[in-house]
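I have placed the structure first, in the form of C-alpha cells, so that the comments after it can refer back to it.
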Amino acid sequence: MTELETLRHSCAHVLANAILKLWPEAQFAAGPPTAAGFYYDVDLPHRITPEDFERLEKEMRQITQAAQPFERQVISLEEALAMGQRGELAGLGHRSSPSRFKLDIIQNIPENETITLYRNGEFTDLCAGPHVADTSKIGAFRLTHVASAYYKGDENNPQLQRIYGTAFATQEELDRSIELLEEAKKRDHRKIGREQGLFHIDDMVGQGLILWTPKGAIIRQELQNFIGAELRKQGYSQVFTPHIGRLDLFRTSGHFPYYAESQFPPIIDRETIAQLAEEKCSCAELSNRLEQGAVDGYLLKPMNCPMHIKIFDSQPRSYRDLPVRLAEFGTVYRWEQSGELNGMTRVRGFTQDDAHLFCTEEQISAEIRGCLDLVKTVLTTFQLTDYRVRIGLRDPASEKYVGANAHWEKAEEACREAAKSLGVSFSEEPGEAAFYGPKIDFVVKDVLGRDWQLGTVQVDFNLPRRFDLKYTGPDGKQHVPVMIHRAPFGSLERFMGVLIEHFAGNFPLWLAPEQVRVLPISEKLTSYAQTILSELISRDVRATADFSSEKIGAKIRLAQMEKVPYMLIVGGREEAAGLLSLRSRSQGDEGSFPKEIFYERLQEEIKTRK
RNA sequence: GCCGACGUAGCACAGUGGUAGUGCAGCUGAUUCGUAAUCAGCAGGUCAGGGGUUCGAAUCCCCUCGUCGGCUCCA
C-alpha cells in the first residue's frame, strides 16, 4: 500500500467511526482505498444522503483533530470470532447484534495468516493495516458521494450503502483534486457533445444508440479516412458486410446461444411467427426452440468476425494468398444492461474499426507487429500518450481455454516478442486471455483517471477450426489458417467520447468540424469576406463566415466558445492590402498575413495532422 | 438488471397546493462597430408520459419511460 493509500484507508476507519457515533447500529463490510479516495460499505436502515455529509464530516474532524493513535493488536481466531459475536468489530464496544459482515470476512482469512485489530479512540476494526501513526495525519478529507454496492460485488448478496470520500495529507492537495474534478466535469463528452452538436441520443430511437449529427459525422469521417489510409499502406482489403445474419452463422461461431444475454434477441420471419402463433407456442418454448435450432431466425451481429470468415471461405485459398487482411468499419449490437450505458463510451450499437487477418503460423509474429505499429501510430497521432500495454495470457490453472498447448505457447511467445519490439513497457496478466487465444490490449487513461480499453490485438486458433477454414500449403496439403482480430480505435463511439474529453472539445485542426471562420468587421466587408471564404472552400478547408450584424467582439466570443481553431478578422485595412488578420483559438491575435501564406500554413497543418 | 437521486422552453436554472418565471440561444427591427457579449421588441411550455388524491397539482401518492451516481477484487 502506498503512503497515500494508507492515509485514505485510515480515513475510511475515521468515517466508520463517525457513522457509528450517529447511528450505533451500523454494520460495516469493507473500507479500502481506491484510485481517487476511499469508501466504506455500510448496512444501515437510515438512508445516508449528501445532506448527512456535513454532520459526518464534523464528527470526522473531531476525530482527526484529536490525534488518536492507531494501535495494532494481534489476536487469535477465537478472540476475533468472540469479538464479532459481541458486535465489537467495526464498533465502538459491545453491541447487541454481532458484526455479521466482519464475521463472514474472518471465515475467509487463510489459516496461516495473522489476524489483527486496529483501534483509534473507542473505535475497533478488524483490519490488516497498515495505518498512519495517528488520526491527525489525515490532513484533509471530504465525503464525495454515496451509492449502493452489493456485498462482495455479488448481486445475490444484500445491497449496502457505499459512502465515498477522498483524503490527502494537506488541504492544498485536496483543493487541487477538487479543481481537477471540476475540470473533468467541464470536459464530460456528454456535455461538450451537446454544446457543440456532435452527437445526439434520443429516447425514441433507444437507449445507447448514437445519432451522429453533422459536426460529429465530420470528425468520424476524418477518423475513418485516417485509418483507411493507414490500412492501404499495410495491404488491407476493405469489405462491407450486413448488420444481420442467420442464427446458424452465430451458432457455428459460438456467439449464440452462449452469449445470448449480451445480444439483442433474434429476429424471426413473419411466416414462422404466424405458424408459432397457430401452435400457441409460449415464449419460453420459442426461446428453447431457438436455442436448439428448431426455429431459425436472424441475429443483429454482436461481432464482425463470422462475416469476414465467410468472405475468406468464399474461395479456395493458397499459402501464396496469405496473409489475407479484411477490414471493415463494422457496426455491431450488444445488449448492455441499462445501468451500464454511458454517453458514447458504453453503448448498445457501435462501429468497430475492425479487421481480421488470416495467416500461416509462421506469419503470426510479423502480422501482430504490424497491428501494434498501427495502434501505436493511432495513439501518437491523437496525443494519447498515457497508456499501458497488457498482454492477456492463459491462466494455467483454468480449463476454459480451447486449442492445443503448442499453439498457445507459440501465440503467447509471438505476443511477447511483438510487444518487446514495440519498445514500450508491458505487463503480462495470466487469466486475461480471450478463450480462443492470447491478446494485447492498449489501456488508455483519460482525464478522469479512468482506464479505457481502446486498441486490441487478439490471436485466434479457435474460430478457423469451428468454421473449418483451409488453405493449400506449399506441400499441397490443406492447412488451417490462424486468425488475428484487431481494432486500433476499439470502437468509433468510445474513441470519439475519449477524444472529446481528451481535447476538451478543442479538436486539432484536421478533425475540427469547422476549421476556419471568417469574421467581417462590418457589412461593408461582406464582399471581401465572401472572397476569402470561397478561396478557403476551394482549398478543401471547412470554413464559414459570420455575416451577422454583431460587433466584432461578439463574433469572436461566439467563435471562441464554439472552439473554431482559426478566426480571420477582415476589415478595411485588410481589404486594402489583400491581407487577413489571424486569430487562433489557442494563441489569440497573431497579426496580419498575406492570404496565400496563411492558406499554405493551413493546408500544411491539416495534412500533417498536427 | 439492482439501489439511490433526478426529469420545468433548444441550453442553464428558479418556482413545494392557488394565473408557469429568469438568463442565454432563437426570430424581427434598429445599429455598421477592430480582437471574448450593441440596443429594443416578439415568440417559445400537455412542467418526461400515464393514472390517482384535491374545489384546485409543476408541487402530494402510484405506475411507466428516461437521465445521472454507483455495483470485479477489497480486514
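First the proteins, then the strands, lettered A, B, ... as listed; each starts at 1.
- Nucleotides B:C68 and B:G15 are separated by 24 Å at their P atoms, to the nearest Å.
- Residues meeting the ring pair (Phe, Tyr, Trp, His ring centres under 6.0 Å) test with A:His46, sequence neighbours left out: A:Trp23.
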Kindly indicate, with the supporting measurements, whether the criterion salt bridge (charged side-chain N to carboxylate O under 4.0 Å, His left out) is fulfilled by A:Asp41 and A:Arg162. CA-CA 4 Å; A:Asp41 283 345; A:Arg162 178 167 291 184; 2.6 Å; yes
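- Going from the P atom of B:G49 to that of B:A30 covers 40 Å, rounded to whole Å.
- When the P atom is compared between B:A43 and B:C2, the two are found 46 Å apart, to the nearest whole Å.
- If you find the closest nucleotide of RNA chain B to A:Ile48 and to A:His145, the one lying nearer the 5' end belongs to A:Ile48.
- Nucleotides B:U38 and B:A57 place their C1' atoms 43 Å apart, quoted to the nearest Å.
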What does the list of N/O pairs under 3.5 Å between the protein and nucleotides 64-66 of chain B look like, with a distance for each?
| unit_1 | atom_1 | unit_2 | atom_2 | d |
| --- | --- | --- | --- | --- |
| B:G66 | OP1 | A:Gln207 | OE1 | 3.1 |
| B:G66 | O2' | A:Asp203 | OD1 | 3.2 |

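- Taking 4.5 Å as the limit, some side-chain heavy atom of A:Met83 sits within range of a side-chain heavy atom of A:Leu117.
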Sequence neighbours left out, cut at 3.5 Å: what donor-acceptor pairs do the side chains of residues 120-133 of chain A make with other protein atoms?
| unit_1 | atom_1 | unit_2 | atom_2 | d |
| --- | --- | --- | --- | --- |
| A:Asn120 | ND2 | A:Gln68 | OE1 | 2.9 |
| A:Thr124 | OG1 | A:Arg119 | NH1 | 3.1 |
| A:Asp125 | OD1 | A:Lys102 | NZ | 3.2 |
| A:Asp125 | OD2 | A:Tyr40 | OH | 2.5 |
| A:His131 | ND1 | A:Ser10 | OG | 2.8 |
| A:His131 | NE2 | A:His13 | NE2 | 3.3 |

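- Side-chain atoms of A:Ser148 and base atoms of B:G70 include a donor and an acceptor less than 3.5 Å apart.
- A heavy-atom distance below 4.5 Å is found between the side chains of A:Phe593 and A:Arg601.
- The same atom, C1', is picked in B:A9 and in B:U46; the two are 13 Å apart, to the nearest Å.
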Check the pair A:Glu562, A:Arg517 against salt bridge (charged side-chain N to carboxylate O under 4.0 Å, His left out), reporting the backbone distance first and the verdict last. CA-CA 11 Å; A:Glu562 292 179 7; A:Arg517 189 177 295 178; 2.5 Å; yes
So if I define the base as every atom that isn't primed, P, OP1 or OP2, how would nucleotides 28-37 of chain B read as a B/S/- string at a heavy-atom cutoff under 4.0 Å? --BBBBBBBB
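- In terms of heavy-atom proximity, A:Asn157 sits nearest to A:Tyr151 at ND2-O, 2.8 Å.
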Could you walk me through whether A:Lys186 and A:Glu182 pass salt bridge (charged side-chain N to carboxylate O under 4.0 Å, His left out), step by step? CA-CA 6 Å; A:Lys186 281 187 216 152; A:Glu182 277 164 13; over 6 Å; no
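- Comparing A:Ser338 and A:Pro33, the nucleotide of RNA chain B nearest to each residue sits closer to the 5' end for A:Ser338.
- Residue contacts shown for A:Thr144 are absent, as no nucleic acid heavy atom lies under 4.0 Å away.
- Nucleotide B:G4 forms a Watson-Crick or G-U wobble pair with B:C68, both donor-acceptor distances falling under 3.5 Å.
- A heavy-atom distance below 4.0 Å to RNA chain B is reached by none of the residues of residues 69-77 of chain A.
- Comparing the C1' positions of B:U22 and B:C63 gives an interatomic distance of 34 Å, to the nearest angstrom.
- Each salt bridge (Lys or Arg N to Asp or Glu O under 4.0 Å) pair with one or both residues in residues 6-33 of chain A, not counting sequence neighbours, would appear here, but there are none.
- The phosphate of B:G69 has OP1 or OP2 within less than 4.0 Å of a side-chain N or O from A:Asn342.
- Taking atom P on both B:G56 and B:A25, the two are 42 Å apart, rounded to the nearest angstrom.
- Backbone-only engagement by A:Tyr164 is indicated by non-hydrogen atom pairs under 4.0 Å involving sugar-phosphate atoms exclusively.
- Counting distance only, with no hydrogens placed and no angle test, the side-chain atoms of A:Tyr150 and the base atoms of B:G1 include a donor-acceptor pair under 3.5 Å.
- Using P as the reference atom, B:A48 and B:C42 are 28 Å apart when rounded to the nearest Å.
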